Protein chains: 2
Amino acid sequence: MMNTSPPRSPRRTASRPSPTLEDLALAAGVSRSTASRAINGGDRVSPEAQAAVERAVGDLGYIPNRAARSLVTRRTSSIALVIPEPDVRVMMDPFFAVVITGITEALRDTDVQLVLLMSRADDDASRTLRYLRGGHVDGAIVVSHHEADSWARSLAQTGLPTIFIGRPWDTASDVTYVDSDNVGGGRLAARHLVGLGRRRLATVAGPADMTAAVDRLRGWTEGLAEAGLPASPVVHGDFTTEGGAAAARRLIAEHPDIDGVFAASDLMALGVIEALQAAGRTVPGDIAVIGYDNHAVAATAPTPLTTITQPMVGMAVRAGRMLLEEIEAPGSHPEPVIYPTELVERASTAVAPTASAANA
Amino acid sequence: MMNTSPPRSPRRTASRPSPTLEDLALAAGVSRSTASRAINGGDRVSPEAQAAVERAVGDLGYIPNRAARSLVTRRTSSIALVIPEPDVRVMMDPFFAVVITGITEALRDTDVQLVLLMSRADDDASRTLRYLRGGHVDGAIVVSHHEADSWARSLAQTGLPTIFIGRPWDTASDVTYVDSDNVGGGRLAARHLVGLGRRRLATVAGPADMTAAVDRLRGWTEGLAEAGLPASPVVHGDFTTEGGAAAARRLIAEHPDIDGVFAASDLMALGVIEALQAAGRTVPGDIAVIGYDNHAVAATAPTPLTTITQPMVGMAVRAGRMLLEEIEAPGSHPEPVIYPTELVERASTAVAPTASAANA
DNA sequence: TTGTATGCGTTATCAC
DNA sequence: GTGATAACGCATACAA
C-alpha cells in the first residue's frame with residue numbers, strides 16, 4: 001500500500017518563511033559574503049554592490065536571523081536585568097520603573113535587547129545563574145540587594161560583564177557598580193536637622209543587611225559627630241510605611257523627648273509621621289522628619305516630606321552605558337561610579353514651628 | 001622583517017568555552033543524537049544511556065546553546081512584552097510592575113524568557129515591529145493603549161501569537177485580549193453613588209482615545225440611565241492627578257451644585273478631591289468622590305478613596321498563559337477574557353456626612 | 001573587491 | 001534504541 005499522506009506541512013503554515021541571506025544575495029546579484037559584508041558596516045564592498053544589497057533589503061524586508069548570527073559571532077545582542085527576589089514590595093517600588101527606563105534609554109539606537117531575569121527565592125537560585133553563564137546574554141545588570149554578595153562573587157567568576165546598581169556587599173572581586181552617595185546623603189540629613197536647631201535626634205535606619213541602609217546610617221552618624229553631637233538612637237525598619245510607623249512607636253516610647261527624626265526612606269518617613277501624630281506630636285512642630293529617596297509620594301503627602309534625592313534615571317542610564325562598554329572592550333573593568341545626593345526641603349522640616357511652642 | 005606579534009587572542013580569554021553537545025556525548029559514551037534525545041524529554045533512549053547523559057550533564061555543567069537550538073527548531077523560547085510609548089507617566093504606574101510580575105509568574109518553571117520591548121514614539125515605530133516579525137520571539141504581549149489599533153492590525157498580519165492586555169481599538173482582525181469589565185466598573189460606580197442618594201452627579205472621564213476610558217464612561221452612563229437619571233456632565237482628564245484637579249475646577253465652575261463625582265482613575269480622583277477642597281467643598285460631606293483602579297495610594301490618601309478594583313495580577317498571569325498556549329497550539333485563537341470588577345468602599349463616599357449639613 | 005568553503009551547536013531524518 | 005548525516009542562517013579566513 002502506498003503512502004498517500006501529504007508531506008508533513010511546516011510548523012508555520014501561515015506566514016511564508018522570512019528571506020535568508022541567500023535570498024538577499026540572489027536578489028542583489030551578489031554572493032552571500034558580499035551581502036553579509038554590506039549588511040554589517042559595509043566594509044570592503046563596492047558602492048554598487050552596497051546599493052544593490054540595500055535595495056534588496058528593502059524589497060525583501062530582509063531581517064538577519066539573530067540565532068544564526070549569534071551562533072557564529074558568539075554574541076547575543078541582549079543583556080539581562082537581574083532582579084533578585086522580586087517580591088511585590090520590590091516590584092511596586094517606582095525605583096524599578098526608573099531602572100528599566102534608564103537602561104532602555106542607554107540601549108536605544110543599539111540593537112541590544114533587554115531581557116528580564118527575575119530570580120525567585122524559592123526557585124533554584126542557581127537557575128538564573130545557569131542562564132547567565134549559559135551564554136544567553138552578553139552581559140548583566142544586577143539590581144543589588146541584601147543577598148547580592150553571592151551574586152557578585154558568582155558572576156565575577158563567570159567572567160560575564162556585569163554592572164551592579166547599588167553597591168553589593170562583596171566588592172572584593174573588583175565588581176563594577178553604580179551607586180549614589182548614601183553616606184553623603186545621610187550626612188546631609190544630619191546637617192539639615194542640626195542646622196534647624198534640632199538636638200534630640202534619632203533615626204529609623206533601613207535593614208542592616210543592605211549597603212544603602214548601612215551607608216545612610218553611617219553618614220548620619222558622621223554628620224552628628226561632625227556637629228559635636230553624640231550618636232543618636234537607632235531603630236531599624238524595613239523600608240516600608242508600616243515598618244516606619246512601628247519603628248517610630250518604639251522610638252517615642254524609649255525617647256519621648258526627640259525633636260528630629262531621619263528615616264532612611266520616604267515610605268518609612270510617612271509611617272513615622274503617622275505614628276508620631278497618632279502619639280499626639282506635631283510634625284514639624286514638635287518633631288521634624290526627613291526622609292530619603294524623593295519618592296513620588298514625598299511631594300504629595302499630607303505633610304510634604306523633606307528628603308534626600310538621588311539621580312536614579314541617570315544612574316540606570318550610566319549602568320547601561322558602562323555595561324555596553326565593558327561588553328565592547330572586555331577586561332577594562334571600569335571604576336565604580338558614585339552619584340551625588342541632594343537635599344529637597346519641604347514642609348516636614350519647615351523651620352516655622354506649626355504649634356510647637358504650645359507643646360514644648 | 002618578520003611578524004613577531006603574537007597570534008590574536010580569542011575574544012573571551014577568561015572563561016573556557018562551555019561544553020558542547022559533542023563533549024557531552026563523548027563524556028557519556030554515546031552519540032550526539034542520543035545525548036540530544038536524552039536531554040529533550042528522553043524519548044526512545046535506554047535507561048542506561050539516559051543516566052549516563054544526565055551524569056555527564058552534571059559533571060560538565062552542560063548548558064544547551066540556545067542559539068544553535070533556536071536555529072534548527074525555529075523557536076526562541078522567549079516572548080516579548082511590548083510597551084508602546086513608555087513615557088515616564090506610564091512607566092511609573094504600578095500597573096506596569098503588576099503586569100511584569102504576572103507574566104513572570106506565568107512563565108515560571110518554563111524556560112521561556114521575557115524580553116522587554118519599549119517602542120518609543122520618536123523611534124522609527126516600525127523598528128519594534130521589525131524585531132517582532134524578525135522571528136526573535138515566539139510571541140508577544142502588548143500593553144494596549146491609544147495607538148494600539150495599528151499594533152493590533154500589524155501584528156495580526158505577522159501571524160505572531162499575540163495577546164493584548166486591555167482591549168485594543170481594532171478588534172476586527174480577531175485579536176485576542178485580556179481585559180477587565182470596565183463597562184461593569186463604570187456601572188458599579190454609578191449605582192454606588194445613586195444608592196447613596198446622590199443625584200447631581202458628574203464624571204471626570206479618561207482620554208477619549210483609550211478603550212478603558214471609553215468603556216468606563218459608557219458603564220457610568222448606562223448606570224445612570226438604569227436609575228432613571230439623565231446623562232451627567234462629562235469632563236475629560238488624562239488619568240493624572242493634575243488632570244483630575246483641572247477637570248474638577250471646570251466641573252464646579254459649570255455645575256456648582258454637584259454632589260457626586262466619578263473619576264475614571266484614582267490619581268484623577270485625588271486631584272478632584274484636592275480641587276474640590278480648595279474650592280471650599282468637603283468630601284464626602286458635600287461631594288462624594290469615587291475613583292478607579294484601587295491604586296496603592298487609594299487606601300493611604302488623606303481621604304481614603306472608594307474605588308473600583310480589577311484583578312490585575314490575575315489578568316497578567318492569564319495573558320501569559322494564553323500566549324504560551326497559543327504558541328504551543330497556533331491557530332487556536334482563544335477567546336478574549338474579561339475579568340470582573342469590584343467596588344471597594346472607603347471614606348470618600350462614606351454615607352455619614354462629615355460636615356455636610358452645615359454646608360447644604 | 002569578490003566569491004568559495006568552512007564551521008558555529010543543535011535538532012531531525014532515516015537507515016540500521 | 002541507536003548513530004551517522006543533513007540542514008538551520010550566518011560570518012569569516014582564505015583564495016582568487
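All figures in this text were calculated on a predicted structure; none of them were measured in a lab. Below, chain A is the first sequence line, B the second, and so on; all start at residue 1.
Look at CG on A:N65: it is 9 Å from P on D:dA11, rounded to the nearest Å. Counting to the nearest Å, the P atom of C:dG9 and the NE2 atom of A:H136 are 14 Å from each other. Rounded to whole Å, the distance from CG on A:L26 to P on C:dG3 is 12 Å. Here C:dT10 presents its C1' atom at 15 Å from CD1 of B:I63, a figure rounded to the nearest Å. The CD1-C1' distance, from A:I39 to D:dT12, rounds to 14 Å in whole Å. As rounded to whole Å, 13 Å separates atom P of C:dT10 from atom CZ of B:R66. Here the C1' atom of nucleotide D:dC8 and the CG atom of A:D23 are 13 Å apart, to the nearest Å.
The main-chain N or O of A:P161 is never found under 3.5 Å from a side-chain atom of A:E326 such that the two would form a donor-acceptor pair. Judged purely by atom type and a 3.5 angstrom limit, A:R133 has no side-chain atom pairing as donor or acceptor with the backbone of A:L160. Put simply, the side chain of B:T110 never gets that close to the backbone of B:V112: no donor and acceptor are under 3.5 Å apart. Not one N or O on the side chain of A:N40 forms a donor-acceptor pair closer than 3.5 Å with the backbone of A:R37.
The side-chain contact (heavy atoms from CB on, under 4.5 Å) test with B:V82 singles out one residue from B:V143, B:L132, B:I165, and that residue is B:L132.
Phosphate contact (OP1/OP2 of D:dG3, side-chain N/O of B:T34, threshold under 4.0 Å): present. Distances shorter than 4.0 Å separate none of the side-chain N or O atoms of B:R69 from OP1 or OP2 on C:dG9. Close to D:dA11, at under 4.0 Å from its OP1 or OP2, lies a side-chain N or O of A:N40. Taking 4.0 angstrom as the limit, A:T20 places none of its side-chain polar atoms (N or O) nearer than this to OP1 or OP2 of D:dC8. For C:dT2, the OP1/OP2 oxygens have a side-chain nitrogen or oxygen of A:S46 closer than 4.0 Å.
Distance check, rounded to the nearest 0.5 Å: OG1 of B:T101 to CE of A:M118 gives 5.0 Å. For the atom pair CG (A:D111) and OG (A:S78), the distance works out to 9.5 Å, reported to the nearest 0.5 Å. A distance of 11.5 Å separates CE of B:M322 from OG1 of B:T162, quoted to the nearest 0.5 Å.
Qualifying side-chain hydrogen bond (donor to acceptor under 3.5 Å, both in side chains) partners for B:E325, counting only residues two or more places apart in sequence or in other chains: none.
Comparing A:L71 and A:E48 against DNA chain C, the residue whose closest nucleotide sits nearer the 5' end is A:E48. Along DNA chain D, the nucleotide closest to B:A68 and the one closest to B:S31 are compared, and the more 5′ of them pairs with B:S31.
Side-chain proximity of B:R74 to D:dG9, C:dT10, C:dG3: nearest is D:dG9.
Within the nucleic acid shown, B:L21 comes within 4.0 Å of at least one base atom, counting heavy atoms only. Nucleic acid contact class of A:R44 (heavy atoms, under 4.0 Å, all strands): base. Contacts of A:A49 with the nucleic acid, taken as non-hydrogen atoms under 4.0 Å apart, involve only primed sugar atoms and P, OP1 or OP2. A:S36 comes within 4.0 angstrom of a nucleotide base, judged by non-hydrogen atoms across all strands.
Rotation axes derived from the C1' atoms of the five outermost pairs at either end of the helix from C:dT1-D:dA16 to C:dC16-D:dG1 lie 40° apart, to the nearest 10°.
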Pick out the pairs of N or O atoms, protein on one side and nucleotides 5-7 of chain C on the other, that lie under 3.5 Å.
| residue | atom | partner | partner atom | Å |
| --- | --- | --- | --- | --- |
| C:dT6 | O4 | A:R32 | NH2 | 3.3 |

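No hydrogens or angles were tested; on distance alone, a donor-acceptor pair under 3.5 Å links the side chain of B:R37 to the base of D:dG3.
Side-chain polar atoms of B:S31 and B:T34 form a donor-acceptor pair below 3.5 angstrom.
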